[in-house]
Asker: 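One structure coming up, written as structure tokens, with questions to follow.
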There are 2 protein chains.
Amino acid sequence: MDKMYTIGDAAAELGMPASTIRFYEKNGLIPNQQRASDGRRLFDEDDLEWMRFVERLKVSGMPIKEIREYIRLYIEGDSTIEERRRIVHERRAAIDAQLEELKLARDFIEYKCWFYDVAAESGTCDTPRNMPLDELPDNIRRIKAKCRINRY
Amino acid sequence: MDKMYTIGDAAAELGMPASTIRFYEKNGLIPNQQRASDGRRLFDEDDLEWMRFVERLKVSGMPIKEIREYIRLYIEGDSTIEERRRIVHERRAAIDAQLEELKLARDFIEYKCWFYDVAAESGTCDTPRNMPLDELPDNIRRIKAKCRINRY
DNA sequence: GTGGAACTTAAACCATGGTTTAAGTCAAGA
DNA sequence: TCTTGACTTAAACCATGGTTTAAGTTCCAC
């Protein structure tokens, strides 16, 4: 279980280019990076787990600066627990806000999908555009009301 | 209901800087933009609705280039229905993928929130880190298994 | 009719998050 | 021994999505 990975292996494992891993290390996103005696980077399982964690933070929209700050606090140890707690709670709130926005965007697009399905079938956008409210499928009527869709 | 908005009004209404609206227009994200006789931009309710739609596309991660392409097709009329249909269906799939990723990221962060709540209470990260599986709250145990969280 | 606020443009500028390049090192196999 | 491929670095480069600046116009209130 103490298998070590070269940067190429790690890149393949994580599904990202090696250049990105170098960029992350240069920017302080990988703590305690080990090196072989000839200077090559070495990664263990913990490093990979850490980098997957960093990927989650990135997916959540956390800027690199902030991730680096978090890592700095992590390295500093137990004296920074409160600060790290604040950061992760903030991040959770940010994700929740993002999820709300994304769900709303999905509703919009759901409407558009229906719109063009109907338009494609009839050959013109006038068909879905002029369809009376009571002929709309329930979910589409709900979306149209919620998102205040009128003309488009 | 045929009230017209200046760019400042529209900016206030949409909650974005006027410079962004100019940038969008320059990049073809606003079809049929009207102008007052002195050259000032004029926006009606339809323009605002359109721009809210553009905002949804942006939230969904659609690049500006692609939004412009969509608008080009929209302007071209009913002959492009199939193409637009393809685009919105692709976009829906992209949003769904994004939602999945974001929910996974949320689980990770949820775990971290629990971790630091426990750490803060006891004063050390060792407490949550070494907590036996059967003492973990159900949701946390589930997340830890699903996300393969070991060391971090 | 004068000052100030709100608009116009093109062009320069900026931050973010990488990617690419150039020049060099090293280990292994033919 | 020589070549090949994977690595190293610093620095240059790039795309995206705006924002800012500079110089000029126009409307409105006083």
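Keep in mind that this is a model prediction, so the values were computed, not measured. Quick note on labels: first sequence line is chain A, next is B, and so on, each numbered from 1.
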Asker: Looking at Arg148(A), I'd like to know if its CZ atom is crowded, meaning that more than 12 non-hydrogen atoms belonging to other residues, nucleotides or ligands lie closer than 6.0 Å.
Answerer: no
Asker: Could you run through nucleotides 20-30 of chain D and give me one letter per nucleotide, 5' to 3': B if any protein heavy atom sits under 4.0 Å from the base, S if only the sugar-phosphate is that close, - if neither?
Answerer: B-----SS---
Asker: Taking NZ, NE, NH1 and NH2 as the nitrogens, is one of them in Arg22(B) or Glu25(B) under 4.0 Å from a carboxylate oxygen of the other?
Answerer: no
Asker: Could you go through Phe108(B) and Val59(A), starting from their C-alpha distance and side-chain angles, then the distance that decides it, and tell me whether this counts as side-chain contact (heavy atoms from CB on, under 4.5 Å)?
Answerer: CA-CA 11 Å; Phe108(B) 250 87; Val59(A) 163; over 6 Å; no
Asker: Can a salt bridge be assigned to the pair Glu82(B) and Arg86(B) using a cut-off of 4.0 Å between side-chain N and carboxylate O?
Answerer: no
Asker: Give me the residues of residues 22-31 of chain A where at least one heavy atom lies under 4.0 Å from an atom of DNA chain D, by number, or none.
Answerer: Arg22(A)
Asker: Ignoring hydrogens and geometry beyond distance, is a side-chain donor-acceptor pair present between Tyr5(A) and Glu45(A) at under 3.5 Å?
Answerer: yes
Asker: Please confirm whether Lys112(B) makes a cation-pi placement over Phe53(A), using NZ or CZ under 6.0 Å from the six-membered ring centre and within 45° of the ring normal.
Answerer: yes
Asker: So for atom CD, which belongs to Glu121(B), do other residues, nucleotides or ligands contribute more than 12 heavy atoms lying within a distance under 6.0 Å?
Answerer: no
Asker: CZ of Arg35(A) versus P of dC26(C): gap in Å, rounded?
Answerer: 14 Å
Asker: With the threshold set at 4.0 Å, does a side-chain nitrogen-carboxylate oxygen contact exist between Lys146(A) and Glu110(A)?
Answerer: no
Asker: Check this one for me: any side-chain N or O of Thr20(A) less than 4.0 Å away from OP1 or OP2 of dT19(C)?
Answerer: yes
Asker: From the options dT19(C), dT8(D), dT19(D), select the nucleotide whose nearest atom is closest to the side chain of Arg41(A).
Answerer: dT8(D)
Asker: Would a 4.5 Å heavy-atom cut-off, applied to side chains only, mark Asn139(A) and Arg142(A) as touching?
Answerer: yes
Asker: Can a salt bridge be assigned to the pair Glu49(A) and Arg52(A) using a cut-off of 4.0 Å between side-chain N and carboxylate O?
Answerer: no
Asker: What's the closest nucleotide to the side chain of Pro17(A) if the choices are dC7(C), dG18(C), dT19(C)?
Answerer: dT19(C)
Asker: Distance check needed: dC7(D) P versus Tyr5(A) OH, whole Å only.
Answerer: 14 Å
Asker: What residues in residues 59-74 of chain B put a non-hydrogen atom under 4.0 Å from any atom of DNA chain D?
Answerer: Pro63(B), Ile64(B), Lys65(B)
Asker: Kindly indicate whether a cation-pi arrangement holds for Lys26(B) with Phe23(B), taking the cut-offs as under 6.0 Å to the six-membered ring centre and within 45° of the axis.
Answerer: no
Asker: Whole angstroms only, please: what is the CG-P distance between Asp9(A) and dA6(D)?
Answerer: 11 Å
Asker: Measure the distance from CZ on Phe43(A) to C1' on dT8(D) and round it to the nearest whole Å.
Answerer: 13 Å
